[in-house]
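Here's the structure we're looking at; comments come further down.
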Protein chains: 2
Amino acid sequence: MDLEKKPRMTPQRKVILEALRQVNTHPSADEVYEMVRKRLPRISLGTVYRILEMLSERGEIRKMEFGGTLKRFDGNPTEHYHIRCVCCDSIIDAPLSLMATIDREMDGATGYHILGHHLEFIGLCPDCMDNPISPDLRRMRRTSGSL
Amino acid sequence: MDLEKKPRMTPQRKVILEALRQVNTHPSADEVYEMVRKRLPRISLGTVYRILEMLSERGEIRKMEFGGTLKRFDGNPTEHYHIRCVCCDSIIDAPLSLMATIDREMDGATGYHILGHHLEFIGLCPDCMDNPISPDLRRMRRTSGSL
DNA sequence: TTAAATGCAAAGATTTTGCCAAATT
DNA sequence: AATTTGGCAAAATCTTTGCATTTAA
């Protein structure tokens with residue numbers, strides 16, 4: 001909202017940002033909440049949502065409103081692609097460089113002013129090929145925040 | 001759930017399927033609900049969700065768990081790409097043929113078994129370039145189901 | 001002291017479920 | 001008659017908001 005003002009670097013913000021930068025698991029808000037609770041036992045989910053929103057508005061992290069119902073957050077704010085496992089719903093960065101010209105091409109082919117694009121691969125991760133987990137177990141994992 | 005059994009083509013399913021096939025607006029469940037209510041005044045939202053889910057499981061339509069929080073549905077079940085307007089949140093099909101080999105390449109570059117991919121462009125549609133609508137108005141439009 | 005941030009809980013929004021009645025084979 | 005489906009409402013999920021309190025400049 002207030003892109004102009006510089007926010008204070010509160011302990012909560014610092015911890016959340018560091019937590020996101022340290023992992024490559026693309027956690028949901030709830031998972032971030034569990035992660036930072038170890039260091040900030042009194043933090044609330046609402047605050048986590050608020051701070052994640054703020055950080056992504058400022059481009060310090062990336063909100064992934066993509067695939068799946070719940071949003072995920074990415075500590076790496078640069079543009080890149082992802083691979084999502086259909087089985088365990090984990091997400092990794094895709095080893096594929098940006099398609100730099102595709103936006104311009106689409107811009108020309110349509111009346112749209114293209115701002116960017118998202119690309120996500122869907123597949124089965126190595127772990128799940130060996131030990132496929134059931135949808136129930138999958139949901140349990142997510143709920144307990146230990147993806 | 002029961003991919004084996006062939007479902008009966010009830011009036012509700014027929015109307016919903018026809019409604020989706022006739023438009024290219026990629027409506028949400030709620031919007032589908034509004035669309036079919038004209039012909040089926042007594043249908044319930046729950047039924048719409050159930051039928052949409054069932055149709056997409058059978059590959060007759062496509063569920064877009066993509067960009068934005070709420071799911072959209074696409075009467076065109078073949079793989080294709082989309083352009084979403086950041087302003088009005090409308091979605092059109094992208095004039096770009098499938099990148100047929102990219103899945104195989106990603107398959108080779110990772111340990112994953114790649115099943116497919118999603119590509120979505122983000123941009124400003126021609127309408128919104130001329131008449132940008134406010135976020136408030138945008139939400140009102142969605143809520144009233146008249147995208 | 002003043003403005004901004006947090007914690008907590010309540011409210012919102014969207015989607016899914018349970019259950020009984022109604023429809024279909 | 002046995003199943004399946006539909007309607008309704010309640011439940012479940014995930015996210016946002018209001019407000020009193022705390023924190024920091």
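Residue numbers start from 1 in every chain, and the chains themselves are labelled A, B, ... in the order their sequence lines are given, proteins ahead of strands.
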Original post:
Whole-Å distance between D:dC14 P and A:Glu31 CD?
Top reply: 10 Å

Subject >> Pair A:Glu18 + A:Arg21, salt bridge at N-O below 4.0 Å >> reply: no

Subject >> Salt bridge flag under 4.0 Å for residues B:Arg13 and B:Glu60 >> reply: no

Original post:
Taking OP1 and OP2 of C:dG7, is either one under 4.0 Å from a side-chain nitrogen or oxygen of A:Gln12?
Top reply: yes

Original post:
Is a donor-acceptor pair below 3.5 Å formed from side chain A:Arg50 to base C:dG7, judging by atom type as modelled?
Top reply: yes

Subject >> From CE (A:Met64) to CZ (A:Arg84), nearest 0.5 Å >> reply: 6.0 Å

**OP:** For A:Ile16 and C:dG7, give me the distance from atom CD1 to atom C1', rounded to whole Å.
**Re:** 13 Å

Subject >> B:Tyr49 OH to D:dG7 C1', straight-line distance once rounded to whole Å >> reply: 16 Å

Original post:
CZ of B:Arg42 versus C1' of D:dT5: gap in Å, rounded?
Top reply: 15 Å

Original post:
Any idea which of C:dT15, D:dC8, D:dT15 is nearest the A:Ala29 side chain?
Top reply: D:dT15

**OP:** Group every Ile, Leu, Val, Met, Phe, Trp and Tyr by side-chain heavy-atom contacts under 4.5 Å, then state whether B:Met99 and A:Tyr81 land in the same group.
**Re:** yes

Original post:
How close or far is atom P of C:dT17 from atom CG of B:Leu52, stated in whole angstroms?
Top reply: 15 Å

Original post:
Is there a path of hydrophobic side-chain contacts, each under 4.5 Å between heavy atoms of I, L, V, M, F, W or Y residues, that connects B:Leu119 with B:Leu98?
Top reply: yes

Subject >> Spacing between A:Leu45 atom CG and C:dT6 atom P, to the nearest angstrom >> reply: 14 Å

**OP:** Spell out, yes or no, whether A:Leu55 and A:Met35 are grouped together once hydrophobic residues are joined by side-chain heavy atoms under 4.5 Å, including indirect joins.
**Re:** no

Original post:
In terms of side-chain heavy atoms of A:Ile51, which of C:dT6, C:dT15, D:dG7 is nearest?
Top reply: C:dT6

**OP:** May I ask you to say whether B:Glu53 pairs ionically with B:Lys63, meaning some side-chain N is under 4.0 Å from a carboxylate O?
**Re:** yes

Measure all distances between protein nitrogen or oxygen atoms and nitrogen or oxygen atoms of nucleotides 22-24 of chain C, and list the pairs falling under 3.5 Å.
| unit_1 | atom_1 | unit_2 | atom_2 | d |
| --- | --- | --- | --- | --- |
| C:dT24 | O4' | B:Arg8 | NH1 | 2.6 |
| C:dT24 | O3' | B:Arg8 | NH1 | 3.4 |

Original post:
CG of A:Leu40 versus P of D:dT23: gap in Å, rounded?
Top reply: 13 Å

**OP:** May I have the distance from B:Ile43 (atom CD1) to D:dA9 (atom C1'), rounded to whole angstrom?
**Re:** 16 Å

**OP:** Return no unless some side-chain N or O of A:Thr47 is found under 4.0 Å from OP1 or OP2 of C:dG7.
**Re:** yes

